Amino acid sequence: MRQLGRWFATHGEHPNAVRFGILLLGMAGTGDDCDVLKTLGVFWAFSTEACEALLRSQADPSQALFELARQAEGWARVDAVRRLEGASDPEIKRWLIRESCTGDVLDSYFALTAARVGDLAGALAGEKLDEETLDGTGRLLEALTDVDGPGPALASYDDAVRALDGYLFHATARGITLRRLWNLLSIDRFLHDPCMSTLCREHHEWRRIRDRFTAVVTDPASRDVVLAGLADKELTTFRLAAWAARRMNVPARPALLRRVESEPQDSTIWFLLIDDCPSEGISVVVEAAVHLLPLQDLRTGPTTELGLGREFDVDRILDIIVSRLDEHPGHGWELIETALNNRTSRNRRMALKALKGWPTEFVPSAARRILLAAAAREPDPEIGSEMAQEARRL
């Protein structure tokens, strides 16, 4: 059975054949099959089966899964870390606290396992903490409190309050950096989320810790950290400061408008400018987009392309802007017209969405003719039908 499993795992020409081989190795494999399973386990298509096979076939499954987790990314990393429940090796525990969370959006899927196995609260209870451990625990707490993820898990961690106390002590004692401030803001947002309101009302310790975090993130010193980040020349630092400013209601629009002049192809800056843009600020954003984006190059004519891949980066910026213009009648017609002639079906749909949100008095007189011409050359019958229907409305 082991020989058959190894042959399918290493020679299979179809994913299901490889999975069949991994399944057999999970039942009959030995330590000699560990490298094969770890090699296959870094691929998300096989990670679930490979992790289960390592768990069932190896003399020290925790060590094998740990080695896989350190080299895996994305869902493969999630599958490996989730199966480290019960690991007791000090090296594994340190890694879970310091390095398991990388800032990936998938960190929250295994964060509770990492906190429990790695003893997050215990790691933060010490009087002294090295920088790598402090940064790692901050990323882990951010993942545990991600209200936009699969569900914040910190409330399910028995030592949550002790961990939060420890992190706040060390983060403030070292001085609030922009990265740590972002971690604090994420935790504070979680503590004020409706899912936590009952817990904070009923438990004094949760209410106390919430008030302490709020006091730190609303302190003028935290605002100064954000303002310094908005003036930083390094783009990653600037982006993080802009996101923090959004959370803290610190005015960042002037800094964003200045930065987009030098970084016109940065989608994050455009998103922060246009998303929830107040009506009094939309005209400046639209003018910047018309001035900075290569609109003529974006009028490629319609295709069935969805807009995936790096070659569509600028098309996606157009999408970010046009998809929000339905909230701003009369602003951005030139961008909408460009989107109607863009190669991605997504942009053409967003242009239609914007026009449908505009009362007819805000729509230019030429829009009906342009829509009919776009409908005539549209390769997607559904979009073409919607274009013709919208032309009739006008």
Side-chain angles (χ1 to χ4, degrees), residues 1-123 130 132-133 135-137 139-140 142-144 146 149-150 153 156-157:
M1 186 182 292
R2 174 180 176 265
Q3 287 180 339
L4 186 63
R6 192 176 180 90
W7 190 92
F8 271 100
T10 57
H11 290 78
E13 296 182 3
H14 187 282
N16 285 342
V18 177
R19 292 188 188 102
F20 175 65
I22 295 172
L23 175 67
L24 294 183
L25 289 178
M27 293 188 286
T30 68
D32 292 337
D33 303 304
C34 187
D35 286 343
V36 169
L37 292 172
K38 287 189 298 183
T39 299
L40 292 169
V42 299
F43 297 99
W44 174 65
F46 308 121
S47 59
T48 300
E49 294 85 356
C51 288
E52 282 297 316
L54 288 169
L55 196 62
R56 296 169 185 273
S57 67
Q58 300 304 299
D60 188 354
S62 292
Q63 183 62 33
L65 288 165
F66 171 49
E67 292 170 2
L68 173 56
R70 286 194 299 182
Q71 58 181 314
E73 297 178 353
W75 284 109
R77 190 185 189 88
V78 173
D79 284 330
V81 175
R82 274 179 163 177
R83 288 168 177 79
L84 286 172
E85 197 79 55
S88 57
D89 187 315
E91 184 185 4
I92 296 176
K93 293 164 74 76
R94 278 195 303 273
W95 180 83
L96 287 169
I97 295 301
R98 292 157 61 103
E99 300 178 52
S100 66
C101 291
T102 60
D104 190 289
V105 293
L106 299 178
D107 289 346
S108 52
Y109 283 89
F110 62 73
L112 186 57
T113 298
R116 285 172 172 165
V117 177
D119 187 15
L120 173 63
D130 62 82
E132 190 173 0
T133 301
D135 290 342
T137 55
R139 291 191 300 270
L140 181 49
E142 182 184 341
L144 283 165
D146 182 7
S156 301
Y157 178 51

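Since the structure is predicted, the reported quantities are computational estimates derived from the model, not experimental observations.
With sequence neighbours left out, the ring-ring contact (aromatic ring centres under 6.0 Å, His included) criterion links Phe8 to Phe20.
Contact between Leu25 and Ala9 at its shortest, heavy atoms only, is CD1-CB, 4.1 Å. The two residues Arg83 and Leu65 make their nearest non-hydrogen contact at O-CD1, 3.5 Å. Nearest heavy atoms, Lys38 versus Ala64: CD-O, 3.7 Å. Across every non-hydrogen atom of Ala143 and Ser108, the tightest pair is O-CB, 3.3 Å. Nearest approach of Ala111 to Leu140, heavy atoms of both residues: O-CD1, 3.5 Å. Ile97 and Ala123 get closest at one heavy-atom pair: CG2-CB, 4.1 Å.
Between atom OG1 of residue Thr48 and atom CD1 of residue Ile22 there is a gap of 10.0 Å, rounded to the nearest 0.5 Å. Separating the CG atom in Leu4 from the CG atom in Leu24 is a distance of 5.5 Å, to the nearest 0.5 Å. Atom OG of Ser47 sits about 11.0 Å away from atom CG of Leu54, to the nearest 0.5 Å.
Atom CZ of Arg56 has 12 or fewer neighbouring heavy atoms from other residues, nucleotides or ligands inside a 6.0 Å radius. Under a cut-off of 6.0 angstrom, the local environment of CD in Glu73 is sparse, with at most 12 non-hydrogen atoms contributed by other residues, nucleotides or ligands.
Between Arg77 and Asp104 the shortest side-chain heavy-atom distance does not fall below 4.5 Å. When side chains are defined from C-beta on, Ser156 counts as touching Leu112, because their heavy atoms get closer than 4.5 Å. Taking the side chain as every heavy atom from C-beta outward, Glu52 and Leu55 approach each other to under 4.5 Å. For the pair Leu120 and Leu144, the minimum side-chain heavy-atom distance is below 4.5 Å. Between Ser57 and Leu37, some side-chain heavy-atom pair lies under the 4.5 Å cut-off.
Using a 3.5 Å distance cut-off with no hydrogens or angles, the side chains of Glu67 and Gln63 do pair a donor with an acceptor.
Formation of a donor-acceptor pair under 3.5 Å by the Lys93 side chain with backbone atoms of Val117 is found in this model. Checking side-chain atoms of Arg82 against main-chain N and O of Tyr109 turns up a donor-acceptor pair under 3.5 Å. Arg2 contributes no side-chain N or O that, together with a main-chain N or O of Gly29, makes up a donor-acceptor pair within less than 3.5 Å.
Phe46 and Phe43 have perpendicular rings, their planes meeting at more than 60° on a 0 to 90° scale where under 30° would count as parallel. Ring pair Trp95/Phe66 is perpendicular by interplanar angle, where above 60° counts as perpendicular and below 30° as parallel.
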- Given side-chain contact (heavy atoms from CB on, under 4.5 Å), test Leu68 with Cys51 step by step and report yes or no. CA-CA 9 Å; Leu68 173 56; Cys51 288; 3.6 Å; yes

- Task: Determine, stepwise, if the pair Ser62 / Ile92 fulfils side-chain contact (heavy atoms from CB on, under 4.5 Å).
- Result: CA-CA 8 Å; Ser62 292; Ile92 296 176; 4.2 Å; yes

- Query: Can you list the steps and then say if Asp135 with Arg139 is a salt bridge (Lys or Arg N to Asp or Glu O under 4.0 Å)?
  - Reply: CA-CA 6 Å; Asp135 290 342; Arg139 291 191 300 270; 5.4 Å; no

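Applying the salt bridge (Lys or Arg N to Asp or Glu O under 4.0 Å) rule to pairs touching residues 10-31 yields Arg19-Glu49, sequence neighbours excluded. Sorted pairs that involve residues 112-122 and meet salt bridge (Lys or Arg N to Asp or Glu O under 4.0 Å), not counting sequence neighbours, are lacking altogether.
Between Cys101 and the choices Val81, Leu96, Asp107, the side chain to side chain contact (heavy atoms under 4.5 Å, CB included) rule is met once, by Asp107.
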